[in-house]
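Since the structure comes first, as structure tokens, the remarks are kept for the end.
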Amino acid sequence: MNDTTSAPVGPAVGPAGAADGPRYDFRDAEPKWQAAWSERACFAVADVPTDGKPKYYVLEMFPYPSGKIHMGHVRNYTLGDVVARYKRARGFAVLHPMGWDAFGLPAENAARERGIHPAKWTHENIDAMRAELKRMGLSLDWAREFATCDPEYYQHQQKLFLDFMKAGLVERKESWVNWDPVDGTVLANEQVIDGKGWRSGAPVEKKQLSQWFFSITKYAPELLSALDTMDRWPERVRLMQSNWIGRSEGARLRFERAPWKPDNASFPIDLDEPDAGYDKIEVYTTRPDTLFGMSFLAIAPEHPLAAAVGARDPKAAAFIAECRSMGTSEAAIETAEKHGHDTGLRVKHPFIEGATYPVWIANFVLMEYGTGAIFGCPAHDQRDLDFARKYKLAVPPVVLPPGADPATFAIGKEAYVGPGTAYNSEFLNGLDVDAAKRAAIDALAARRMGEGVTNWRLRDWGVSRQRYWGCPIPVIHCDSCGVVPVPDDQLPVRLPDDVTFDRPGNPLDHHPTWKHVDCPRCGKPARRETDTCDTFVDSSWYFARYCCASATDRPLVRAAVDHWMPVDQYIGGIEHAILHLLYSRFFTRGMKDTGHIAVEEPFAGLFTQGMVNHESYRTAAGPNGMWLYPEEVEKQPDGTARHRVTGEPVIVGRVEAMSKSRRNTIDPGDIINRYGADTARWFILSDNPPERDMEWTEAGVAGAFRFTQRVFRLAEGVGPAAPKPDTVGSHGRTLRRVTHKTIAAVTGALEDFAFNVAVARLYELANAITDAERAAAEPGLDWARREAVEVLARLSAPMMPHLAEEVMALLHPDATTLVADFPWPEAEPDLLIADSVTIAVQIMGKLRGTVAVPPDSAADAVIAAAEAEPNVANALAGKRIVRRIHVPNRIVNFVIAG
RNA sequence: GCGAGAGUGGCGGAACGGUAGACGCAGUCGACUCAAAAUCGACCGCCGCGAGGCGUGGGGGUUCGAAUCCCCCCUUUCGCACCA
């Protein structure tokens, strides 16, 4: 596939045993050990194991089959593989599967642009990427592989959809969508850029469509409260989800409309017909305590009352149209300006007899949140204040800040939103904000005008997509029976193969026959639903399917899923912090409530990795500069860079995310060809903590490569196996201490996801082995070196699995057990105790010297030794010691007077 | 605007409140070599000849002792963003 001859640089790796150069040839070793693992099915586990081992489920977010793996994949799968191999060595039965998130728009784009069928494009990409992943030497159970575009997968998703429907978790409702009139499809918010479709460039329209929704809001309370128990998730992600779900406590109250009084003849409207249904306007507020500070009521332009007003008042209609033309994204850009239109209608205050307030249509009120209507309290809400100042509305203050004088306190340009005491508020006067809220809600309830409510920001999940390459939504529309679920025995609803992409819109809709079916209920001609599922649905249950990937008769086999789930360690990018992870949490609850599984939280542990970045290069500053690939650039000793071929000067840009447009990508396949998988894995782990963004550098990879060679050389340098000697000399003992401390340190680092620290400890062990190589011969030293090299290999195995096998095979030519099947090394406790510890000696917290004492020495002895240390004694001369602090095995600190 | 992180040598980064800079990268010098690569050895925070002093974004504080804990500020990254 990839050819090494095109690589411009790289180490000269000759065949093993060549006269010069490194002896360890990864090109020979890596495929050999991959084949060995595969032949022995080292990483296969049963759906329902009977070996009694504790289970551990490691999962990395599955890839979209774009065609090639990228460095982000390499990092993701390396991190997961380290965990999987480590846990396996620790005695766990490890489930570590892989598959493909294979539906989605790029396949359709390829079909449109290049005439390749989406299925063909997708499967070719999967084949290419599978081959690349296999070259990484991952400890995967490939028998569980699937792609979400396989009917064998999506048929079960259709079954789940129908079960969710039965359980009331699926709804069909009208909703406003972003509609691209050129592509003839709904766009997600992220696909609308500056009010235009991201592909067509056409202005996006707001359109009301009937769409399928998952009722994720039904689970809002538990999706929020469970976050508190998810202590193995990053705090950041939990917070983001919490904000996204957006619980708020407040009140819902109904304002009665005041009778219509035509004090201004220019308002030609009359909504006082008894059956109009506009006699009350419901609002949501988190500040019922500020009700006496009301000065207006405002409704969203999409509010039904606004439409009713617009039908009678052309000026109002024009204002509403103006608001609608400002798309959602544009509104976000122009956040400052608030606009409104006075309807002429008025509402009564719930508590103040005879007081009425104007009803405005305002662009800053959102129909999607709360009730689409607010009461305006300008003194204590910044938005309301901006609006009131612009339209010269009253600003009565009703919350007095602590210490402020009620006679002089006034609102300027800033609303007062802090704590305080209610005033100008009749029965609320004197109460603090919280007490006033409760009192106001009680009063509203007593009058049957309102009640306390909990409001959520989370909206239901719209899953309809007018696209071909997705899971068909398994329902049929019948003119007589309405929406009819496809019966189980007619599943799967397969995508037709013979589709065309020569015109905009949904190919399923254009297909000559596919959508025409008979109603399963009454038998009359009916239509298939042509919407397909959002691809986030596919990824909302794949983790459970892996547990029983070959089951054909049902989506999930309970015994298997209940055994393996939840995922013990999930690893992926932070970009999925909200959508994928929240949808999966919802879906898992849905699967539980429809009887498919027992767990309700899918991912017990979550780790979010950083990105892989790289320098970018271009030929000149400004718009004329051409981006260059890293392999086109040659670094100069003076730090500048030039073009490898033309010699042109090159501008070295920022270190930023790898992207095709900036050409600062590094192809993992190329790296594996030149350096091997172990080198790539080692470098990616060693560079920095895995949760942070890392920089991919040529020098770093080369350094990692040198280390692989060095480890092999250390192994070649040790003698044949021998029984443990009775006595070990001092160099040997020193080495053995390092060896066993390294076992403890690397174990701890791996448990903590501090893989860069684990790498550092292994470098230290290698350095200690090198020191021992140079030491004079003594009894037991050879044995200790051999032990150290074995430990080095075995501790490195989760990171560099091929090299570890090669080293152990070298040391044990007749061995039949693979390192992949070895248990994790155990440190000998005796060797973790040093025979001497270095105590820092401080005077007034400043280091003045060190003393070496036996571990756990008595305080008196340590202090005496510290005072005797020449440098310390010198500094203490003539001073009065007022206090002597001794921290066992660590420090002595003298506090002196004067 | 709101919320949450992060600021440590030339770089990536280590460091239970206890010897700041482990380990790696880059660099300097040396050995080997006709030479280069590879390998090996030494050095490698700043000031100072030295003794020593100064150093973890800035300023305060707690403590015998602070990169670490607390308060204020600065910079920066990310998330949400007219959410009533």
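Naming: A, B, ... by sequence-line order, numbering from 1 per chain.
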Please write out the pairs of protein N or O atoms and N or O atoms of nucleotides 51-61 of chain B separated by less than 3.5 Å, giving the distance to one decimal.
residue, atom, partner, partner atom, Å
B:G53, OP1, A:R848, NH2, 3.4

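Remark: A:R692 is in phosphate contact with B:G13, judged by side-chain N or O atoms under 4.0 Å from OP1 or OP2. For B:C64, the OP1/OP2 oxygens have a side-chain nitrogen or oxygen of A:R883 closer than 4.0 Å. The shortest distance between the side-chain N/O atoms of A:R252 and the OP1/OP2 oxygens of B:A84 is not below 4.0 Å.
The interatomic distance linking A:M240 (CE) with B:A4 (P) rounds to 14 Å, in whole Å. Rounded to an integer number of Å, the gap from CZ of A:R287 to C1' of B:C83 is 15 Å. Between the CG atom of A:N243 and the C1' atom of B:G5 there is a distance of 14 Å, rounded to whole Å. The CD-C1' distance, from A:E773 to B:C40, rounds to 11 Å in whole Å. Atom CD in A:E302 sits about 13 Å away from atom P in B:C82, given to the nearest Å. The distance from atom NE2 of A:H576 to atom P of B:G79 is 13 Å, rounded to the nearest whole Å. For the pair A:I896 CD1 and B:G65 P, the computed distance is 12 Å after rounding to whole Å.
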Return a single string for nucleotides 15-29 of chain B, one symbol per nucleotide in 5' to 3' order, where B is base contact, S is sugar-phosphate-only contact and - is none, cutoff 4.0 angstrom on heavy atoms. -B-BB--BSSSS---
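The gap from the P atom of B:C16 to that of B:G21 amounts to 13 Å, rounded to the nearest Å. Remark: the separation of the P atoms in B:A6 and B:G17 is 15 Å, to the nearest Å. As rounded to the nearest Å, B:A14 and B:A22 have P atoms that lie 13 Å from one another. Nucleotides B:U28 and B:U77, compared at atom P, are 33 Å apart to the nearest Å.
Backbone-only contact: A:L239 has heavy atoms under 4.0 Å from sugar-phosphate atoms and none from a base.
Checked against the 6.0 Å centroid threshold, A:F755 and A:F753 count as a close aromatic pair.
Just one of A:F319, A:F375, A:Y391 meets the ring-ring contact (aromatic ring centres under 6.0 Å, His included) condition when paired with A:W360; it is A:Y391.
For the residue pair A:Y284 and A:S248, a side-chain donor N or O sits within less than 3.5 Å of a side-chain acceptor on the partner.
Residue A:K338 has its side chain nearest to B:C82 when only B:C83, B:C82, B:G12 are considered.
With a 6.0 Å cutoff to the six-membered ring centre and a 45° limit on the axis angle, A:K338 does not count as a cation-pi contact of A:F387.
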